[in-house]
Peer 1: 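Before I ask anything, let me first share the structure, which is written out below as structure tokens.
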Amino acid sequence: MDTNALIPLHYALDTFYLLICGALVMWMAAGFAMLESGLVRSKNTTEILTKNVILYGVACVMYLLVGYHIMYSSPEGGILPSLGWLIGAEHAAELVAAGGDDAPAFSKRADFFFQVVFVATAMSIVSGAVAERMKLWAFLAFAVVMTGFIYPVQGYWKWGSGFLNQAGFLDFAGSGVVHLCGATAALAGVLMLGARRGKYGSNGQVNAIPGANLPLATLGALILWFGWFGFNGGSQLKISSIADANAVAAAFLNTNMAAAGGLLAALVVARLLFGKADLTMALNGALAGLVSITAEPVTPAALTAVLIGAVGGVLVVGGVLLLDKLKIDDPVGAIAVHGLGGIWGLLAVPLSNASGSFTAQLLGIVCIFTWVFIASLIVWAILKAVMGLRVDAEDEYAGVDIAECGMEAYPEFTRKS
């Protein structure tokens, strides 16, 4: 059979697969919204939902206008975008082929859609960490810069054939490019913002501020777990060959097993430390396991994936406790989950992938963290000087729902008819 006759079929199948996986990752926006709204107090629920919905729209527009071009410009490194260039890609001959093949692999529009939902994921990480005390419009202003410029620059270094890719840095689906990036931007924001009032006492005690809706938080974590199959499985980009199909199957299996390993490890460590089965630690343990396997979900054996996820689960429990010791207030544990999980996941790549090296992985970690932290800190500082980052004490006490959005998520619980 003429192999050229199969190209349209491969093209259609791979394009369809990429679109479906992109839709799964887009559904993770709901997961972040539910997780975060469950882990904040009821008086801050509407605002956190508003942030998660709007940041997705901001990410889509900014990535279309500038981000995608910056991230996938020529190896020489184009910076200034040609606005609207994506709309002109109509014919298969103009489409970028995966892996450098001569034949087109999938629609460029499908590739853009798959990439843009990753950008929104990185920004969603920031949302939870700065919850309950940041001004809505300051957050959205940062989202414009983050999704349009900060994220795409470091994304170009790896996925756009930049210098980290040339140096042998491996990050299959984004433990560094997405998760470490988002956690680092969140860390810079939290440091500029300060802790919630009442979180830390003058004598060093840490005061628990429980979330309002753990069923909602659990639903959010499970939605994220479900969407992660598209996150990691879709990053193979193709499924139409035997090798690609096997790689996708491995990515799905290992993604699931790493989440299970992270959940169980975090649950056991929390039981040993606190004497109780801490649901929030278990949920974040599952997410840390997912983040940890994202750098390389294809090459590990299933049991190895469990162990990689388990280490991530242990790290997230220790990370949450350490951040509280340092008085770095992250209401949802996003910095520990995505930061420590991302770093561990990148370092774990050479354990199962012979092409990886610890030197290249460390180089990627340092470069991503340094760029995102410094750039984010500068943007946060400018926003603080221009418009302020934090709501005033009265609005924080009453809840940012009314101050920022003018409505409550649960009005029947707080007002008499």
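Predicted model only: the values in this text are computed from it and were never measured. By convention here, the first residue in the shown sequence is residue 1.
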Peer 1: Rounded to the nearest 0.5 Å, what's the gap from CG on Leu187 to CG on Asp330? Could you check?
Peer 2: 9.5 Å
Peer 1: Any donor-acceptor pair under 3.5 Å linking the side chain of Trp159 with the backbone of Asn165?
Peer 2: no
Peer 1: Flag the pair Leu39 / Leu214 as yes when at least one side-chain heavy-atom distance between them is below 4.5 Å, and no otherwise.
Peer 2: yes
Peer 1: Would you call Lys238-Asp14 a salt bridge at under 4.0 Å N-O?
Peer 2: no
Peer 1: Determine whether a donor-acceptor pair (N or O, by modelled atom type, separation under 3.5 Å) exists between the side chain of Trp228 and the backbone of Thr294.
Peer 2: no
Peer 1: Any sub-3.5 Å donor-acceptor pair from Arg390's side-chain atoms to Gly388's backbone N or O?
Peer 2: no
Peer 1: Hey, is the main chain of Ala305 close enough, under 3.5 Å, to the side chain of Asn254 for a donor-acceptor pair?
Peer 2: no
Peer 1: Taking all non-hydrogen atoms of both residues, which atom of Gly148 and which atom of Ile70 are closest, and how far apart?
Peer 2: O-CD1, 3.8 Å
Peer 1: Do Glu296 and Ser352 have a side chain donor and acceptor closer than 3.5 Å?
Peer 2: no
Peer 1: Say whether, by atom type as modelled, one donor and one acceptor occur between the side chain of Ser175 and the main chain of Val291 under 3.5 angstrom.
Peer 2: yes
Peer 1: Quick one: closest heavy-atom pair of Ala188 and Ser376, and the distance?
Peer 2: CB-CB, 3.9 Å
Peer 1: How many angstroms lie between CE in Met134 and CD1 in Ile48, if you round to the nearest 0.5 Å?
Peer 2: 10.5 Å
Peer 1: Any donor-acceptor pair under 3.5 Å linking the side chain of Glu47 with the backbone of Cys405?
Peer 2: no
Peer 1: Does the side chain of Phe172 reach to within under 4.5 Å of the side chain of Pro297, using non-hydrogen atoms?
Peer 2: yes
Peer 1: Around Ile242, counting heavy atoms of other residues, nucleotides and ligands shown, do more than 12 lie under 6.0 Å from its CD1?
Peer 2: no
Peer 1: Specify the closest pair of heavy atoms between Ala183 and Gly339, including all atoms of both residues, with the distance to one decimal.
Peer 2: CB-N, 3.3 Å
Peer 1: Report the residue from Ile374, Ile150, Val144 that forms a side chain to side chain contact (heavy atoms under 4.5 Å, CB included) with Val379.
Peer 2: Ile150
Peer 1: Are any of the side-chain heavy atoms of Leu340 and Val316 separated by less than 4.5 Å?
Peer 2: no
Peer 1: Pair Ile223, Met28 - check side-chain contact (heavy atoms from CB on, under 4.5 Å), show working.
Peer 2: CA-CA 6 Å; Ile223 291 173; Met28 292 173 69; 5.8 Å; no
Peer 1: Side-chain donor-acceptor pair under 3.5 Å between Tyr17 and Gln236, yes or no?
Peer 2: no
Peer 1: Any ion pair linking Glu132 and Arg41 (charged N to carboxylate O, less than 4.0 Å)?
Peer 2: yes
Peer 1: Near Tyr200 OH, under 6.0 Å, is it more than 12 heavy atoms from other residues, nucleotides or ligands?
Peer 2: yes
Peer 1: Got a sec: does the CZ of Phe149 have more than 12 other heavy atoms crowding it under 6.0 Å?
Peer 2: no
Peer 1: Using a 6.0 Å cut-off, check whether atom CZ of Phe226 has over 12 heavy atoms from anything other than its own residue.
Peer 2: no
Peer 1: Side chains of Lys199 and Val206, heavy atoms from C-beta outward: is any pair under 4.5 Å?
Peer 2: yes
Peer 1: When you measure from the side chain of Asn44 to the backbone of Gly399, do you find a donor-acceptor pair of N or O atoms at a distance under 3.5 Å?
Peer 2: no
Peer 1: Apply side-chain contact (heavy atoms from CB on, under 4.5 Å) to the pair Leu191 and Phe373, showing each step before the final yes or no.
Peer 2: CA-CA 11 Å; Leu191 292 176; Phe373 186 78; 3.9 Å; yes
Peer 1: Is there a side-chain contact between Cys367 and Trp157, using heavy atoms and a 4.5 Å cut-off?
Peer 2: yes
Peer 1: Between Leu55 and Asn52, is any pair of side-chain heavy atoms under 4.5 Å apart?
Peer 2: yes
Peer 1: Considering non-hydrogen atoms only, spot the tightest contact between Ile335 and Ala129 and give its length.
Peer 2: CG1-CB, 4.3 Å
Peer 1: With a cut-off of 6.0 Å (strictly less than), are more than 12 heavy atoms of other residues, nucleotides or ligands near NZ of Lys325?
Peer 2: no
Peer 1: I need the Phe142 CZ to Trp380 CH2 distance, nearest 0.5 Å.
Peer 2: 5.0 Å
Peer 1: Please lay out, stage by stage, how Trp225 and Asn256 fare under the test side-chain contact (heavy atoms from CB on, under 4.5 Å).
Peer 2: CA-CA 8 Å; Trp225 191 329; Asn256 190 62; 3.1 Å; yes
Peer 1: Given Tyr63, which of Phe113, Phe114, Tyr68, Tyr56 fulfils the ring-ring contact (aromatic ring centres under 6.0 Å, His included) condition?
Peer 2: Tyr68
Peer 1: For the backbone of Thr45 and the side chain of Asp401, can you confirm whether one donor and one acceptor N or O come within less than 3.5 Å of each other?
Peer 2: yes
Peer 1: What distance separates Phe118 CZ from Thr147 OG1, expressed to the nearest 0.5 Å?
Peer 2: 16.0 Å
Peer 1: Can you see whether Thr255 engages Asn232 through a side-chain donor-acceptor pair at a distance of less than 3.5 angstrom?
Peer 2: yes
Peer 1: Go through Val366 and Trp371 one step at a time and tell me if the side-chain contact (heavy atoms from CB on, under 4.5 Å) criterion holds.
Peer 2: CA-CA 8 Å; Val366 170; Trp371 158 251; over 6 Å; no
Peer 1: Do the charged groups of Arg197 and Glu396 touch, with an N to O distance under 4.0 Å?
Peer 2: yes
Peer 1: Identify the two heavy atoms, one from Met387 and one from Ala141, that lie closest to each other, and give their separation to 0.1 Å.
Peer 2: SD-CB, 4.5 Å
Peer 1: Side-chain contact, heavy-atom cut-off 4.5 Å: Val320 with Met281?
Peer 2: yes
Peer 1: Donor-acceptor pair, Asn213 side chain versus Leu216 backbone, under 3.5 Å?
Peer 2: yes
Peer 1: Write down the atom of Ser161, the atom of Gln166, and the distance for their closest heavy-atom approach.
Peer 2: O-NE2, 3.8 Å
Peer 1: Can a donor-acceptor pair be found, under 3.5 Å and without considering hydrogens, that links the side chain of Thr15 to the backbone of Ser107?
Peer 2: yes
Peer 1: Could you tell me if the side chain of Met71 sits less than 4.5 Å from the side chain of Gln115, heavy atoms only?
Peer 2: yes
Peer 1: Once rounded to the nearest 0.5 Å, what's the spacing between atom CD1 of Ile328 and atom CG of Leu193?
Peer 2: 12.5 Å
Peer 1: When rounded to the nearest 0.5 angstrom, what distance separates CG in Leu273 from CG in Asp278?
Peer 2: 10.0 Å
